[in-house]
Amino acid sequence: MGLFDRTLEYIDQLQHAGTAAAVCERLLGVTSNFGLTALMAGTVPQPGTPRGQQKQHVLLCDWPGNWLERYLARNYVDHDPVVSHMKQLRAPFQWRDASKSTVVDKSSDEVMGDAREFKLRDGLALPLVTLDGQIVMVSLGGESVELSDQEFGMVSLASTYAIGRAMQLHTKADSVIDHIELTARERECLQWAAVGKSEWEISQILGISEHTSEKHLLNAKSKLGAANRVQAVAEAIRRGYIS
C-alpha cells in the first residue's frame, strides 16, 4: 500500500472519531511513529489576551505533564518562535526551522528551553485559517523527530484533517457542508498535489503550462477557504473531491 493510500486510511479513521479525545488519540497513533508524541491544537489568541482566557483557545491537547499550564501561566504564546514563524509562513514547518529564521531573544529562548525540559526538543507546526480569518495552529512535538519529505507531507495532511474534524465536533457542524463547485481541472490539480507533485510536475502530467496549474490550485484553494495547499487538499478530501 502506498503512502497516500495509508494517509487516506488514517483520514478515514479521523473522520469516524466521535470526540476530540478520540481525534487526538488517533492522530498521535500515526505521528508517534515518527517521534511526534505530543499534540496541542487551537486558535491563536491575540497578543495581550488575558492568561485566564487563553485556555479557551485550546481545541486538542495531549502535552506532557504540566507543560500547558506553564505555557499559559508564563504567557509563552506571545514569545514562542514557533507561533511567530507560523504567522509569517502560513505553511507547515519543523520547529527547528523557526529557530533558524526567527530572531531569538531571551524570552523566545526561554520558551524553547522550557519545552526541552518536557522532552519537546523538535516538532512540526502547521497553520490553518478559518473562513472568518481566525488562525488555528497544530503543533506536534517530541524528543527525537525523524521525518522524510514524504512522511512530512503525510503527517501534515493527516494533522490538518484532524484539526478540521476537531473543529467540526467543537461546533457540532459535521452535517452542514456548504456546496462548492470545483472544475474538473481544479480537482485534477488537487489530486496530484495530494500525492506531492509540484506545480511544474502537475503541468507536465496534465499537458498544461506551469502558470495554468498554479492558477487552478490557487482557485481551488480560494474556493475551499484554505490558507495553503495542505489545507486545500485536506478540505477536498473531506468534501469527497479526492478519494
Side-chain angles (χ1 to χ4, degrees), residues 1-15 27 30 41 44 85-94 97 101 124-138 147-168 171 173-243:
M1 182 183 294
L3 189 61
F4 183 64
D5 290 330
R6 293 209 307 274
T7 305
L8 290 178
E9 272 196 3
Y10 299 146
I11 284 174
D12 184 64
Q13 293 172 16
L14 290 165
Q15 184 58 31
L27 180 58
V30 176
V44 177
H85 192 58
M86 180 207 64
K87 289 179 178 179
Q88 297 170 9
L89 188 62
R90 297 285 179 96
F93 62 91
Q94 284 192 238
D97 298 328
S101 62
L124 181 152
L126 51 132
L128 293 83
V129 179
T130 63
L131 292 176
D132 60 2
Q134 195 170 31
I135 299 174
V136 180
M137 176 178 175
V138 183
L147 286 165
S148 67
D149 289 343
Q150 281 190 317
E151 290 164 346
F152 179 90
M154 183 270 284
V155 170
S156 298
L157 180 53
S159 301
T160 300
Y161 197 93
I163 192 61
R165 178 58 180 161
M167 291 172 68
Q168 284 182 345
T171 60
D174 336 20
S175 58
V176 181
I177 300 179
D178 295 334
H179 183 65
I180 292 173
E181 286 288 347
L182 294 181
T183 67
R185 274 294 195 223
E186 288 166 355
R187 293 186 189 199
E188 284 181 307
C189 289
L190 279 173
Q191 180 78 56
W192 287 111
V195 295
K197 300 299 182 183
S198 67
E199 282 87 346
W200 180 84
E201 290 171 321
I202 293 170
S203 73
Q204 298 303 299
I205 293 167
L206 299 180
I208 57 179
S209 71
E210 184 175 359
H211 174 74
T212 301
S213 68
E214 182 180 6
K215 183 179 178 182
H216 286 314
L217 286 170
L218 286 172
N219 286 342
K221 185 173 76 171
S222 177
K223 289 179 181 180
L224 293 166
N228 52 53
R229 174 193 285 224
V230 175
Q231 187 180 359
V233 169
E235 186 62 19
I237 292 171
R238 186 172 76 89
R239 292 174 179 270
Y241 295 131
I242 297 175
S243 58

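The residues of the chain are indexed from 1 along the displayed sequence.
Evaluation of the ring pair (Phe, Tyr, Trp, His ring centres under 6.0 Å) rule for F93 yields H85 as partners, not counting sequence neighbours. Partners of Q191 under the side-chain hydrogen bond (donor to acceptor under 3.5 Å, both in side chains) rule, at least two apart in sequence or in another chain, do not exist in this structure. In this structure, Q13 has no side-chain hydrogen bond (donor to acceptor under 3.5 Å, both in side chains) partners at least two apart in sequence or on a different chain. Scored by the side-chain hydrogen bond (donor to acceptor under 3.5 Å, both in side chains) test, S148 finds E151 as partners (sequence neighbours excluded). Residues passing the side chain to side chain contact (heavy atoms under 4.5 Å, CB included) test with A236 are L190, L224, Y241, I242, sequence neighbours excluded.
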Please lay out, stage by stage, how L206 and W192 fare under the test side chain to side chain contact (heavy atoms under 4.5 Å, CB included).
CA-CA 10 Å; L206 299 180; W192 287 111; 4.0 Å; yes

Applying side chain to side chain contact (heavy atoms under 4.5 Å, CB included) to I135 and M86, what does each step give before you reach the verdict?
CA-CA 10 Å; I135 299 174; M86 180 207 64; 3.5 Å; yes

Would you sort out whether I237 and L157 count as a side chain to side chain contact (heavy atoms under 4.5 Å, CB included), showing the intermediate values?
CA-CA 10 Å; I237 292 171; L157 180 53; 4.0 Å; yes

With side chain to side chain contact (heavy atoms under 4.5 Å, CB included) as the test, would you mind laying out the steps for V136 and V44 before giving the verdict?
CA-CA 6 Å; V136 180; V44 177; over 6 Å; no

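The pair R6-E9 does not meet the salt-bridge criterion, since no charged nitrogen lies less than 4.0 angstrom from a carboxylate oxygen. E181 has no carboxylate O lying under 4.0 Å from a charged side-chain N of K223, or vice versa, which leaves the two without a salt bridge.
R165 is not listed as a side-chain neighbour of R238, based on a closest heavy-atom distance of 4.5 Å or more.
Remark: the backbone N or O of N219 is not paired with any side-chain donor or acceptor of S222 at under 3.5 angstrom. Distance alone, capped at 3.5 Å, places no donor-acceptor pair between the N228 side chain and the L128 backbone. A distance-only check finds no donor-acceptor pair linking the side chain of E235 to the backbone of A232 [under 3.5 Å]. At distances below 3.5 Å, at least one donor-acceptor pair connects side-chain atoms of T7 with backbone N or O atoms of L3.
Once rounded to the nearest 0.5 Å, the distance linking CG of L217 with SG of C189 reads 5.0 Å. Note that NE2 of H211 and CG of L218 are 9.0 Å apart. Values are rounded to the nearest 0.5 Å. To the nearest 0.5 Å, atoms OH (Y161) and CG (D12) are separated by 8.0 Å. The NE2 atom of H216 sits 11.5 Å away from the CG atom of L182 when rounded to the nearest 0.5 Å.
Looking at every heavy atom in both residues, M137 comes nearest to A125 through CE-CB, 3.9 Å. Heavy-atom minimum distance, A193 versus I202: N-CD1, 3.9 Å. In this structure, M154 and V30 approach most closely via the heavy-atom pair SD-CG1, 4.1 Å. The heavy-atom pair separating L124 from L147 by the smallest distance is CD1-CD1, 4.0 Å. Residues P127 and P92 come closest through the heavy atom pair CD-N, 4.1 Å.
Residue pairs meeting the salt bridge (charged side-chain N to carboxylate O under 4.0 Å, His left out) criterion with at least one member in residues 192-220, sequence neighbours excluded: E199-R229.
When only modelled atom types and interatomic distance are considered, S156 and S159 share no side-chain donor-acceptor pair under 3.5 Å.
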